[in-house]
Amino acid sequence: MALKGSLVIDTEKCKGCGVCITGCPQNVIALAKNVNAKGYNYLEMVDEDACVGCANCAVLCPDGVIEVYRVKI
Amino acid sequence: MKREDIVKPENLIYKRTSVLTDNVMHYCPGCGHGVIHRLIAEVVDEMGIQDKTLIVAPVGCSVLAYNYFDLDAAEAAHGRAPALATAMKRLRPDQFVLTYQGDGDLAAIGTAETIHACNRGENITMIFVNNGIYGMTGGQMAPTTLEGMKTATSPYGRDLSTMGNPLKITELIAQLPGSYYVTRQAVYTPALVRKCKKAIRNAFEYQKLNKGTSFVEIVSNCNSGWKLPPVKANQWLEEHMLPFFPLGDLKVPENK
Amino acid sequence: MKELKLMKGNEAIAEAAIRCGVDGYFGYPITPQSEILEHLMSENPYDKTGMVVLQAESETASINMVYGGACLGKKVMTSSSSPGISLMQEGLSYMAGAELPALVVNVVRGGPGLGTIQPSQADYFQTVKGGGHGDYRLITLAPAFVQEMYDFVELAFELAFKYRNPVMILSDGIIGQVMEKVEVDDYKSRWTNEYIREQFPWAMTGKTADRPHRIITSLELEASRQEKVNLRLQSKYKDCEAQEVRYETTQCEDADYFIVAYGSSARISQKAVEVARENGIKVGLIRPITLWPFPSKAIQEITAKAKGILCVEMSAGQLIEDVKLAVECKIPVEHFGRFGGIIPSPAEVVEALHSKLM
């Protein structure tokens, strides 16, 4: 059995600190080249297939902008 | 498997707790306050005590904490949160009372209130966020600023011979008979965050049991004050703050 | 017939607090008012009414415990004497800013600094002109008798909750220490948590699903909103000025000269009025009971045709400024005071009437 995850990121509330990226074991996330309305390079998923839904990113996020979904396959 | 098949309500495993308001926090990117706020809110949520929790905010960066917790809250004068909390708990022992303070607030201007509340064993939960600097006023030296650390008021580094020593107030508090649970945590890795949440939960559970003061120090960062990007600030925290402020329990109940 | 007790002014404050259903007292010993805390501790009020009494580590902590209790909609109080009251100014300013009800009793002693433990009225300016930072007011009651020490505790809480503002009982070392008979009330129940929840939509009672969370703060960083906070406070103070002025007059109907004095000085002046009248001088006494709001209009009307006014106070001249403002300098206003802990005698007051106004 494997776990498959995905994230919903509130990009407008993300401050682009990048702390979440340090917690990701699968290199799923990175800061976007684009910026949000506040001028922050927001977080985005760059390797969706690799996400296992461990929620480390959400656990580390100071602004609570990440929702985590997970299924068993 | 497609994203649409995963992102469904039944598959949700982590979301922002409703004990936090929708207000965007004013903290700098990467600031530990946000994580710590969330952990407290999650514990309140999981214990089902939102209607029984009173929080006292400090003066400092977290002065506006009351805007982020969906809890009844009071804003104390600088350093006085433990005095407010003392009265609140004594007048409403049926409520959970929580103070949230930084190092300047708790360990400098409010030292007397902190020590005496803990020494009386006030049955409250105290959260102490230590980032070794005054963030809100613009990065001045704090009681917990490390030796040699540069701040706006120690621009050549903290000189112990003229500026005094960094204060390990948590070690002091652990010596007091009134403190029941004293621990030092951090929130810069997922494992540490999860551990810190358990500590905060313990602190609330002990309050429920009327055990005395539960005190949780969280060694945190100040990217702006330390003049480092968020991730580097967390590395600096690990390399410099933790040797002086080592993580772990300082006082745990014997019959845990 | 009410129960009569012989007690000190300080004890009367404590007894009134227990009997009128105060929820909490937080204080720190200082002469000449330590009997308040001592009496409270010896009476075991927690067993009688559930009232919480705690000796704090400082006056700073005391006032902030009061702040905390007031946030919950509880009736909370502290007491101290001048140096301790100076330490409380920060907390008083915060409470005025956060619009919280509370009672603070100042049993004034001589200053400045550590001064003396003898009586004084030199904290008038600190009390009615501010004391702490910012534009705020303290409703100030000035008792002259031990009975008033007792009665003003309940009155203070009525006013404090009516206006959501701290109230000061400005007493002094004489009234605090002197023993007189006092009519005391039966014990009243404290407010229940349910009552507080229903009555005070601002109080911290625990956030429930049916209402937004409540925040008690004096912070408003946005200047335009902070100005609105200030305007609201000023409007509240105007209402209080219109409704809450209290004063007492003695033999003012036919008087040519007037003494204005409060608290202990008013009692000394009452004797001075008798002595002066025996000597054929028609003197009346006006005793402000509320020092803020000050009975300016009453003083102006009563003294409209006066030949002169003497302000008698145990200070170097503080009350006199409000009296001069009240009569707009249309009448000679002179000051007679002893200070540093010296109590003026009625003979000295009569002598001052002669030498300063005649």
Side-chain angles (χ1 to χ4, degrees), chain A residues 1-26 28-32 35-73, chain B residues 1-39 41-42 61 68 129 186-197 220-221 223-224 228-235 237-238:
Chain A
M1 191 188 68
L3 295 170
K4 182 83 184 70
S6 192
L7 312 175
V8 174
I9 300 161
D10 188 342
T11 53
E12 280 310 307
K13 285 186 178 168
C14 175
K15 294 175 184 165
C17 69
V19 171
C20 53
I21 298 168
T22 66
C24 179
Q26 302 289 98
V28 170
I29 43 178
L31 295 184
V35 295
N36 61 20
K38 288 197 170 161
Y40 292 119
N41 296 98
Y42 54 83
L43 187 74
E44 61 180 11
M45 292 181 88
V46 291
D47 187 359
E48 291 199 24
D49 291 342
C51 182
V52 294
C54 70
N56 277 1
C57 54
V59 162
L60 275 175
C61 176
D63 294 284
V65 305
I66 305 170
E67 277 181 9
V68 185
Y69 295 82
R70 186 169 68 199
V71 288
K72 289 172 188 168
I73 50 174
Chain B
M1 196 170 196
K2 285 183 180 169
R3 180 177 156 81
E4 305 86 82
D5 298 324
I6 306 171
V7 181
K8 286 179 176 172
E10 63 269 28
N11 298 332
L12 180 69
I13 60 153
Y14 198 98
K15 71 180 283 241
R16 193 181 158 94
T17 164
S18 63
V19 176
L20 288 176
T21 63
D22 290 333
N23 295 327
V24 175
M25 296 185 195
H26 69 281
Y27 303 115
C28 304
C31 177
H33 276 309
V35 179
I36 300 161
H37 283 18
R38 183 163 45 78
L39 296 184
E42 284 175 2
C61 281
Y68 309 131
V129 181
V187 290
Y188 66 91
T189 70
L192 288 171
V193 173
R194 292 185 171 105
K195 210 169 159 218
C196 183
K197 184 172 167 181
S220 192
N221 54 10
N223 318 314
S224 301
L228 290 169
V231 173
K232 285 209 169 121
N234 284 342
Q235 288 164 0
L237 182 158
E238 187 171 66

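Predicted model, so just to flag it, every value in this text is computed and none were measured. Residue numbers begin at 1 in each chain, while the letters A, B, ... track the order of the sequences.
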Is chain B contacted by the side chain of [X], its backbone, both, or neither, given a heavy-atom distance below 4.5 Å?
{"X": "A:Ile21", "answer": "neither"}
{"X": "A:Ile73", "answer": "side chain"}
{"X": "A:Cys54", "answer": "backbone"}

Exercise. Quick check: does any side chain N or O of B:Arg194 sit under 3.5 Å from a backbone N or O of A:Val59, one acting as donor and the other as acceptor?
Worked result: no
For this session: Tell me, with the steps shown, if B:Asp5 and A:Val71 meet side-chain contact (heavy atoms from CB on, under 4.5 Å).
Result: CA-CA 9 Å; B:Asp5 298 324; A:Val71 288; over 6 Å; no
Between atom [atom1] of [X] and atom [atom2] of [Y], what is the distance when rounded to the nearest 0.5 Å?
{"X": "A:Lys13", "Y": "B:Asp22", "atom1": "NZ", "atom2": "CG", "answer": "5.0 Å"}
{"X": "B:Lys8", "Y": "A:Ser6", "atom1": "NZ", "atom2": "OG", "answer": "12.5 Å"}
{"X": "B:His37", "Y": "A:Asp63", "atom1": "NE2", "atom2": "CG", "answer": "10.5 Å"}
{"X": "B:Tyr14", "Y": "A:Asn56", "atom1": "OH", "atom2": "CG", "answer": "10.5 Å"}

How close do [X] and [Y] get, counting heavy atoms only, and between which atoms?
{"X": "B:Ile13", "Y": "A:Ala55", "answer": "CD1-CB, 4.3 Å"}
{"X": "B:Ile6", "Y": "A:Tyr69", "answer": "O-CB, 3.6 Å"}
{"X": "B:Val231", "Y": "A:Thr22", "answer": "CG1-CG2, 3.6 Å"}
{"X": "A:Gly23", "Y": "B:Pro190", "answer": "CA-CG, 4.0 Å"}
{"X": "A:Lys15", "Y": "B:Tyr27", "answer": "NZ-O, 2.7 Å"}
{"X": "B:Gly30", "Y": "A:Cys17", "answer": "N-CB, 3.2 Å"}

For this session: With side-chain contact (heavy atoms from CB on, under 4.5 Å) as the test, would you mind laying out the steps for A:Val19 and B:Asn234 before giving the verdict?
Result: CA-CA 9 Å; A:Val19 171; B:Asn234 284 342; 3.8 Å; yes
Shorter than 4.5 Å, heavy atoms on both sides: which option in [options] has the most such pairs with chain A?
{"options": "B:Ala233, B:Cys31, B:Pro29", "value": "B:Pro29"}
{"options": "B:Met25, B:Arg3, B:Met1", "value": "B:Arg3"}
{"options": "B:Leu39, B:Val24, B:Val7", "value": "B:Val7"}

Problem set entry | Side chain, backbone, both or neither of B:Tyr188 within contact of chain A (heavy atoms, under 4.5 Å) | backbone
Exercise. What part of B:Val187 lies closer than 4.5 angstrom to a heavy atom of chain A: side chain, backbone, both or neither?
Worked result: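 For B:Val187, the backbone is the part near chain A, not the side chain.
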For this session: Could you tell me whether the side chain of B:Arg16 reaches within less than 4.5 Å of the side chain of A:Asp10, counting heavy atoms only?
Result: no
